[in-house]
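So the structure is just underneath, and the comments pick up after that.
Basis for what follows: all heavy atoms, side chains included, without hydrogens, waters or symmetry-related copies. Residue numbering restarts at 1 for every chain, and letters A, B, ... go by the order of the sequence lines.
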Number of protein chains: 2
Amino acid sequence: MPPGLSGTAALDLWRRALVASVRRDGPDLSARQLALLLTVYLTPPPHTVRGLAAHLAVSKPAITRALDRLSQEGFLKRKIDPSDRRNVLVQRTVRGSVHLSEFADLVTRSAGEAMGAGGP
Amino acid sequence: MPPGLSGTAALDLWRRALVASVRRDGPDLSARQLALLLTVYLTPPPHTVRGLAAHLAVSKPAITRALDRLSQEGFLKRKIDPSDRRNVLVQRTVRGSVHLSEFADLVTRSAGEAMGAGGP
DNA sequence: CCAAACCATTTCAGTTGCGAAACGAATATG
DNA sequence: CATATTCGTTTCGCAACTGAAATGGTTTGG
């Protein structure tokens, strides 16, 4: 038995959080976009387009477009690397932090419900 | 303090699972599609188009299209309700069960990693 | 100091998704 | 019966995303 999270409980946690997220009328990000956002915020910098593309195993243009979307949303910003101006460094914003914080609340709440409902 | 899952741990769990999901070369489902799939498998039947649309707070055509995609993928199937032939009952398939089982593994594995990495 | 290598972006053609409105089929209501 | 209502689906125009290939800047190396 896994210690923290059985298979069904994990799925139900994911379901509750995902349904809550879908029901929200906000900017609905694709899986890639959200994965990118989370990677930038939870993984040690610096973050370049090439590095992110490798990490997510998608093409570079896909990262560029996801950055367009996320920076247009205000969740991320680009900064040219001063030491090598070919590089673009992806950085966090206050707005992105707030958004992810709300998303974390949503997940933890869903986890609480899943425990309460499916529990022993 | 939340008992099972702190905010940062929840985000990191989500990140790991989502990145793993994005990296996999499989059918990449949208958030809606996955939410629909999970709802059908983890919520008591019967499931109609109208009911699912209300549950996810999206339009009926959106559900129809998601069903097209998911049944084309073999994860779900439609069956006309014999007692009221206007209704469409959405049902599970073996293939969908297998897919969700693999997805659950992915989440539990990510949960284990998140505990191991970020833990005390 | 000029060419090669590298980085991110843009362009291109094609796919997929969306909401609103119109639609045919099935059931309920008078 | 005829009409209204309720299903799910289809059509329409439009927006967003995809990978591959081409482009414009920047840095490195001979």
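Contact footprint of chain B on DNA chain C: nucleotides with an atom under 4.0 Å from a non-hydrogen protein atom, first to last in 5' to 3' order, C/dG17 to C/dT27.
Between B/A104 and A/L11, the shortest heavy-atom distance links the atoms CB-CG, 3.6 Å. A/L38 and B/R15 make their closest contact through O-CD, 3.6 Å (heavy atoms, listed as atom of the first residue, atom of the second, distance).
The salt bridge (Lys or Arg N to Asp or Glu O under 4.0 Å) test applied to A/R65 returns no partner, not counting sequence neighbours. Taking the side-chain contact (heavy atoms from CB on, under 4.5 Å) definition, one finds that A/S101 meets it with nothing, sequence neighbours left out. Residues satisfying the salt bridge (Lys or Arg N to Asp or Glu O under 4.0 Å) criterion with B/R86, sequence neighbours excluded, are B/D84. B/A53 pairs by the side-chain contact (heavy atoms from CB on, under 4.5 Å) definition with B/K60, B/I63, not counting sequence neighbours. For A/A35, the side-chain contact (heavy atoms from CB on, under 4.5 Å) partners are A/L56, B/L18, B/V19, B/V22, not counting sequence neighbours.
For A/D68 and A/N87, each mapped to the nucleotide of DNA chain C holding its nearest heavy atom, the one lying further toward the 5' end belongs to A/N87.
Within residues 36-57 of chain B, no residue has any heavy atom closer than 4.0 Å to DNA chain C.
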Next item on the list: Could you encode protein contacts along nucleotides 14-20 of chain D as a string, one character per nucleotide from 5' to 3', using B for base contact, S for sugar-phosphate-only contact and - for no contact, with a heavy-atom cut-off of under 4.0 Å?
Entry: ---SBBB

Checklist line | Base-contact (B) and sugar-phosphate-only (S) positions in nucleotides 23-30 of chain D, heavy-atom cut-off under 4.0 Å, - elsewhere | finding: --BBS---

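Tested against B/R109 for a side-chain contact (heavy atoms from CB on, under 4.5 Å), the candidates B/V107, B/D105, B/L106 yield a single pass: B/D105.
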Distance-only check: which donor-acceptor pairs under 3.5 Å involve side-chain atoms of residues 45-52 of chain B, not counting sequence neighbours?
| from | atom 1 | to | atom 2 | distance (Å) |
| --- | --- | --- | --- | --- |
| B/H47 | NE2 | B/V40 | O | 3.3 |
| B/H47 | NE2 | B/T43 | O | 2.9 |
| B/T48 | OG1 | B/G51 | N | 3.0 |

Under 3.5 Å, which donor-acceptor pairs link side chains of residues 72-82 of chain B to any protein atom two or more places apart or in another chain?
| from | atom 1 | to | atom 2 | distance (Å) |
| --- | --- | --- | --- | --- |
| B/E73 | OE1 | B/R69 | NH1 | 2.5 |
| B/R78 | NH2 | B/D68 | OD1 | 2.2 |
| B/D81 | OD1 | B/S83 | N | 2.9 |
| B/D81 | OD1 | B/S83 | OG | 3.0 |

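Within the structure, every pair that satisfies the ring-ring contact (aromatic ring centres under 6.0 Å, His included) test and touches residues 5-41 of chain A, not counting sequence neighbours, is listed here: A/W14-B/W14, A/W14-B/F103.
Atom CG of residue B/L36 and atom CG of residue B/L29 lie 10.0 Å apart, to the nearest 0.5 angstrom.
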